[in-house]
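The structure appears right after this line, and notes come after that.
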2 protein chains.
Amino acid sequence: MADAEWSPMRTPGHYISRIARAFARIGDMRLRELGFATAQLPVLTALKDGARLSQTELARWAKVEQPSMAQLLARMERDGIIRREPDPRDRRSSLIALTDDARAKLPAGRAILEAGNREAMHGLSDEEVATLISLLQRVLANAEEMERRAAP
Amino acid sequence: MADAEWSPMRTPGHYISRIARAFARIGDMRLRELGFATAQLPVLTALKDGARLSQTELARWAKVEQPSMAQLLARMERDGIIRREPDPRDRRSSLIALTDDARAKLPAGRAILEAGNREAMHGLSDEEVATLISLLQRVLANAEEMERRAAP
DNA sequence: TTATATTATATAGGCCCCTATGTAATCGGA
DNA sequence: TCCGATTACATAGGGGCCTATATAATATAA
C-alpha cells in the first residue's frame, strides 16, 4: 500500500471480488428474461419442492443477514415470485412459498445457470474444478474463523 | 433448480460470492480505525506515490464503472482521503490526488491488509496459493469472455 | 471551419448487502 | 402464573455496485 512492489490487485481477494461481480452481472443478465436474479437462487432452491419456510430460515439458508433477506423477499413478492402465508404456530412469522408462476419457470432457470457454470469453468479439467472448489472451501472456512474470532 | 440433486450453493460461483462478502466485511472492519475501506484499495494504490489521475483512469484501473468510481470518490473526498484539482489540459476533468493525511496512513493500512491476506490463506501452502490464483485468473478470463460475447 | 463524433463527468434509479435498533410474540424458569 | 430472555420481523441509514441517460468539452472529418 506504500510500496511499489506490493499489489493488492493481484491478491486472491481481489480476483474473487471481480469474479463475484462478473458472475452476478452475467447471471442477472441471462435470468432477466425469466424475471429471476442470482441473489434469489438460494430462496428458489429452498422452496422449489413446495416447501414453506420463514424469513429467518431463508436468511440462514442463504447465508445473508435477516434484513437483507427481508428486502430480497419484498422485491420477490412485488415481482410475483413468492407469496406469504401466516404461520399458524407463531403469529410473529409468515411462511414463504413460491408462486405457481415462479415454479413453472424453475427448469428454464436451472438450464440457464448450468450452462453458465459450464462456460465459466471452460478450459478447466474436472480435477481442476474440484481443486478450485476445495481451495475455496478452505479459504471460506478461514474467513469465517476470522470473523468468529473478531466477534464471538 | 427443479431437481433435488443440483445444488447452486455448492458451485464455485456461490463460494466466491460468499468469500467476497466475508473479505469485504473483515477488511472494512479492520481498516475502519484508519478511515479506509476495501473498495478504496485500488484508488489508494494508484495514487500512493503522489500520482494524480482522472476519475475515468481510476475507474478503469479499479475495474469498476465510471458512476461507481464517481460515488466512491465522493465519499473519499467527504472523508478527507482525496483532493481534486482542475486538469489544466481538459476542462471536463479533474485530477485526483491523495491528501497528506491519507498518505501518512498507507503503511499501517498495508500492514493490516497483508496480515489479513496471510490469515485468509492459512493452511494453504505457497504452491496451493499459486494454484488458487492461477485458477481464479482463468475463471475471471472466462467470465470476461462471456461478457464480451454478450455485449461487444 | 463547422458539423459530427467521442469523451469526461454528473445524475437518476435500482439491486443487494451490511449494522444498529425497535417492537411484538413466544419461551422458560422461578 | 408471571417476568425476563429470546426470537421473528420491521425499519432506518449507508456502502458499493450497476445501467441508462444528460451535459459539456474536446477531437475529428468533410
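All chains are named by letter (A, B, ...) in the order of the sequence lines, taking the proteins before the strands, and each is independently numbered beginning at 1.
Between A:D90 and B:R89, it is A:D90 whose nearest contact on DNA chain D lies nearer the 5' terminus.
As rounded to whole Å, 17 Å separates atom P of D:dG15 from atom CG of B:L41. Put simply, CD1 on B:I96 is 12 Å from P on C:dA8, counting in whole angstrom units. One can place CD1 of B:I81 at 14 Å from C1' of D:dG16, the figure rounded to the nearest angstrom. Note: CE (B:M76) to P (D:dC17) measures 11 Å, nearest angstrom. Here D:dG16 presents its P atom at 18 Å from CZ of A:R18, a figure rounded to the nearest Å. Taking atom CZ of residue A:F23 and atom P of nucleotide D:dC17, one finds them 18 Å apart after rounding to whole Å. Put simply, NE2 on A:H14 is 13 Å from P on D:dG16, counting in whole angstrom units. Separating the CG atom of B:L58 from the C1' atom of C:dT9 is a distance of 13 Å, rounded to the nearest angstrom.
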Polar-atom pairs under 3.5 Å, protein N or O versus N or O of nucleotides 14-19 of chain C: list them with distances, or write none.
| from | atom 1 | to | atom 2 | distance (Å) |
| --- | --- | --- | --- | --- |
| C:dC15 | OP1 | A:R78 | NH1 | 3.3 |
| C:dC15 | OP1 | A:R78 | NH2 | 3.0 |
| C:dC16 | OP2 | A:R75 | NE | 2.6 |
| C:dC16 | OP2 | A:R75 | NH2 | 2.7 |
| C:dC16 | O5' | A:R75 | NH2 | 3.2 |
| C:dC17 | N4 | A:Q71 | OE1 | 2.6 |
| C:dC18 | OP1 | B:R21 | NH1 | 3.1 |
| C:dC18 | OP1 | B:R25 | NH1 | 3.2 |
| C:dC18 | OP2 | A:E65 | N | 3.0 |
| C:dC18 | OP2 | A:S68 | OG | 2.8 |

For nucleotides 2-7 of chain D, which of its nitrogen or oxygen atoms have a protein nitrogen or oxygen under 3.5 Å away, and what is each distance?
| from | atom 1 | to | atom 2 | distance (Å) |
| --- | --- | --- | --- | --- |
| D:dT7 | O2 | A:R92 | NH1 | 2.2 |

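Using a 4.0 Å cut-off between charged nitrogen and carboxylate oxygen, B:R118 and B:E114 do not count as a salt-bridge pair. Salt-bridge formation is not detected for the pair A:R60/A:E57: no Lys NZ or Arg NE/NH1/NH2 atom is positioned less than 4.0 Å from an Asp or Glu carboxylate oxygen.
In this structure, the salt bridge (Lys or Arg N to Asp or Glu O under 4.0 Å) partners of A:E128, at least two apart in sequence or on a different chain, are B:R138. In this structure A:A62 satisfies the side chain to side chain contact (heavy atoms under 4.5 Å, CB included) test together with A:P42, A:V64, A:M69, sequence neighbours excluded. Judged as a side chain to side chain contact (heavy atoms under 4.5 Å, CB included), and not counting sequence neighbours, the contacts of A:R32 are A:M29. Evaluation of the salt bridge (Lys or Arg N to Asp or Glu O under 4.0 Å) rule for A:E85 yields A:R52, A:R83 as partners, not counting sequence neighbours.
For residues 92-101 of chain B, every residue pair satisfying the side-chain hydrogen bond (donor to acceptor under 3.5 Å, both in side chains) rule, not counting sequence neighbours, is listed here: B:D90-B:R92. Residue pairs meeting the side-chain hydrogen bond (donor to acceptor under 3.5 Å, both in side chains) criterion with at least one partner in residues 16-27 of chain B, sequence neighbours excluded, are A:E144-B:R18, A:E147-B:R25. Applying the side-chain hydrogen bond (donor to acceptor under 3.5 Å, both in side chains) test to every pair with at least one member in residues 67-78 of chain B, sequence neighbours left out, gives these pairs: B:E77-B:R84.
For B:S93 and D:dA25, the shortest distance from a side-chain N or O to OP1 or OP2 is not below 4.0 Å. At least one side-chain nitrogen or oxygen of B:R91 sits closer than 4.0 Å to the OP1 or OP2 atom of D:dT26.
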